Every structure is written in structure tokens, then in C-alpha cells.
Student: 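Please read through the structure below; I'll follow up with questions.
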2 protein chains.
Amino acid sequence: MADHNALPLVILAEKFASLPGIGMKTAQRLAYHVMSMNTNEVEEFSKALVDAKKNVRCCSVCQNLTERNICPICSDAERKANIICVVESPKDVTAFERTKEYGGLYHVLHGLISPMDNITPDKLRIRELLSRVQQGGVDEVIMATNPTVEGDATALYIAGLLKPIGIKVSRLAFGLPVGAMLEYADEVTLFKALENRNII
Amino acid sequence: MADHNALPLVILAEKFASLPGIGMKTAQRLAYHVMSMNTNEVEEFSKALVDAKKNVRCCSVCQNLTERNICPICSDAERKANIICVVESPKDVTAFERTKEYGGLYHVLHGLISPMDNITPDKLRIRELLSRVQQGGVDEVIMATNPTVEGDATALYIAGLLKPIGIKVSRLAFGLPVGAMLEYADEVTLFKALENRNII
């Protein structure tokens, strides 16, 4: 924003622009929009930011974000406690819960191993996963990280730690997305779909 | 967000989703991003929201947003005070200032006449424009509202009020955007470009 703009507006636009996926133009538009909101709404927004940061922490069991000590999923007695689905981030838990088909527990790593970005295994919640498994009662760990270089490397690394304990470790199936067109599938996906073909 | 998500996170996502152009999926991603910011950054963001709303008001002359009583443009003695460019919103002022070619003053309407949305002329800053013009010293008013139904209607309405006072009222030129391809121009733009052709 140019010199003629009010400083508090410039600062607000910069804050919006610091969020992922929001460029400077959109940030300016959002800052102007805030000016058109009434004072009450702005104060509620401001409070929601601080509240979320202050009151939300990691579940002491699965490391998912929650406002309690143990999250609703981990404290739900009806869920199968012998199966743990390991994901990169809290939004992956939301994605699995949307399917309404998975009845086990989760473990959120809060990242993937990526030496290039200086993210080594000790920066993820792998230690917490190992201690959960070592407490017993776990039959299977599903590695549900993304099918990327980092996701695959993290899945293999954790599998290498869990197998000596005698735990079954599985990986999500990769193949054609449902509803996709063969001609638009990339080579690797098509190869995976062929390799993992099922008898009908 | 589903039941398993922490309530403060759901509230924060809803606040983000209430901003223009931000859907629920993006809002969730932004809420998760806030969790990964440090407490200091979140507090600064929260403060920037309230600060902008509290400290930024309308310039008592041109109605543009500013933290002072009279904005830097209106108080700049080097700008031509006899020419006023009338725009819909503060971001239009920023657009004109970017051209670095306009040396006059502005007047921000904070909207356009739109009876369908219940925006009647008395809800815009038209009264303030009239009193500026009636104080004298203004030779020309440029109507720089968007070339839309509402923009044209507002320009005509204000022109009708100013002409009896004996003020020259002009409208921005409409035609092909610089760098555009003829074949992709819509019919109305092309017609305007033909109608307003210049001798070379």
C-alpha cells in the first residue's frame, strides 16, 4: 500500500499477507473489508485469534489439536484402540473423519521428515507414537502420510522403528481416484493402479 | 469442521470464512496456520485488527480512509485542488495513485447507488461532495466509478446534481485496455472503443 494509506491499514494488510495463499492484493481487500465490519465483529475476530492460540493444545495421546487434555476421539470408548492411523497434520484427521468409515484412533506427526527443510525425525511426534505402541494393545499402525517423497520417506522410517516391536504396519492404497479418467492419470499413479490391481 | 475439532478453532475458521473470497476449506487451513504461529505473532495480528478499526476513520474532506483528521492527499499543498476525482472505494484511490499521473484530489463515495441492494443516494458520501464543490475553487469533477450499471447510474446521478452549479463533469474514457487483443474484447467494449475513437 502506498504512502497515502493509513498506517494501521497497511499493518493489517501485511498481517493478512503473511497467511499462506494470501497475496498482497487480496490482503489489502481483506483489510478494507475489516473497515466495513462493525466494531463488535472486529473485536470478536481479534479475540477468536488469541483464544484459538491460547486454548487449543495437542492431545496428550494422539497429538491432534484439542481444547481438552485428551481429545474426543482418544477418549471415545467406542473406537477401536488397537488400530492407529498416522497422519501428517490435524486436517488429515478431519479428512478421514469425513469418510465416517474409520473407527480406530489417530496419531498426528505435525510434519514430515524433510532433511532439506531441516525437519529431522526428532522434530516430529514420533517419540510419542513409539511410547503409545510400547504400552501395548496396538495391533496395526496405518501409515497415512501423503504419497510424496517426504510422505513415503516418513512412512518407511516409522515402519522401520515399529516392525522390530512386532507391530503390523500398513500403508494406504494408491491407485486411480474414484471418478477419474484413465487418460488424465499420470504415469506413476497408473503404474501403482496396475501394480496393486485386485481380483474381481 | 466436524465435532472432533476444538471449538476455538471452529470459531476462528468461521471468522476467516466470513471474509470475502475465503471459503470454508481455506478458512480451516488459515485457522490451522494460526496454531503454528508463535503467540507473539498471533497477538500482533489480533491487535492489528482492532487497531485498524479503532484508529482509521474517514478524511473529513475526501472521505478516504486515514488515521488523521485530514488525509495526506487533501493536506498536500502541491496537489491541484480545483479537480476532484470521484471514486467508489478507497482501493480505487490506491489504483489511481499507482499511475503517478493524477495530481488532483479525490472523493470517496463508499459505495454505488443500487436500489436492488437498498443503497440509495443518501447512504453514499454525496452530500459531502456537494458541500465541497459549493465551497468553490473546483473547476472539474471526474466521475471515475466502474463501467457497470451501478457505476454509470451513480455517475449520471451526481452529474445531474453538479451541472446546475456550473461545474464541468467528466467521465473516464472507456475502450480497449492497453495490451488487449481485439478478438477477445466484448461487444460493448469494442463499440465504446469505436465510438470514442481519436484522430491520429
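No experiment lies behind these values; they were computed from the predicted model shown. To find a chain, count down the sequence lines: A is the first, B the second, and so on, and within it residues start at 1.
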Student: Considering only heavy atoms and a distance below 4.5 Å, find which of B/K47, B/E41, B/K53 pairs most often with chain A.
Tutor: B/K53
Student: Please give me the minimum heavy-atom distance between A/I126 and A/P121, naming the atom from each residue.
Tutor: CD1-O, 3.8 Å
Student: Is A/K168 atom NZ crowded by more than 12 heavy atoms from other residues, nucleotides or ligands, each under 6.0 Å away?
Tutor: no
Student: Checking A/S89 against chain B: side chain, backbone, both or neither under 4.5 Å from a heavy atom?
Tutor: neither
Student: With no hydrogens and no angle check, do the side chains of A/D122 and A/T120 hold a donor and an acceptor under 3.5 Å apart?
Tutor: yes
Student: Which heavy atom of B/A155 sits nearest a heavy atom of B/M143, and at what distance?
Tutor: CA-CE, 3.7 Å
Student: Of all heavy-atom pairs between B/Y102 and B/E97, which one has the smallest distance, and what is that distance?
Tutor: O-OE2, 4.2 Å
Student: Ignoring hydrogens and geometry beyond distance, is a side-chain donor-acceptor pair present between A/Q28 and B/T94 at under 3.5 Å?
Tutor: no
Student: Looking at B/V50, B/V56, B/D51, B/I11, which one has more heavy-atom pairs under 4.5 Å with chain A than the rest?
Tutor: B/V56
Student: Tell me, which pairs form a salt bridge (charged side-chain N to carboxylate O under 4.0 Å, His left out) where one or both residues lie in residues 142-165 of chain B, sequence neighbours left out?
Tutor: B/D152-B/R171
Student: Tell me the residues of residues 59-70 of chain A whose non-hydrogen atoms fall below 4.5 Å from those of chain B, in number order.
Tutor: A/N64, A/L65, A/T66, A/E67
Student: Between B/T26 and chain A, which part of the residue has a heavy atom less than 4.5 Å away: side chain, backbone, both or neither?
Tutor: neither
Student: May I ask you to name which of B/L30, B/N38, B/D76, B/I22 has the most heavy-atom pairs under 4.5 Å with chain A?
Tutor: B/L30
Student: Would you kindly say whether A/R125 and A/H107 are connected by a side-chain donor-acceptor distance under 3.5 Å?
Tutor: no
Student: Restricting to non-hydrogen atoms, name the atom on A/L105 and the atom on A/R79 that form the minimum distance, rounded to 0.1 Å.
Tutor: CD2-CB, 4.1 Å
Student: Please flag which part of A/K100 lies under 4.5 Å from any non-hydrogen atom of chain B: side chain, backbone, both or neither.
Tutor: neither
Student: Of the backbone (N, CA, C, O) and the side chain (C-beta and beyond), which part of B/E14 lies under 4.5 Å from a heavy atom of chain A, both, or neither?
Tutor: neither
Student: Select one option (side chain, backbone, both, neither) describing which atoms of A/L12 are under 4.5 Å from chain B's heavy atoms.
Tutor: both
Student: Between B/L130, B/V138, B/V141, which is the residue that forms a side chain to side chain contact (heavy atoms under 4.5 Å, CB included) with B/I165?
Tutor: B/L130
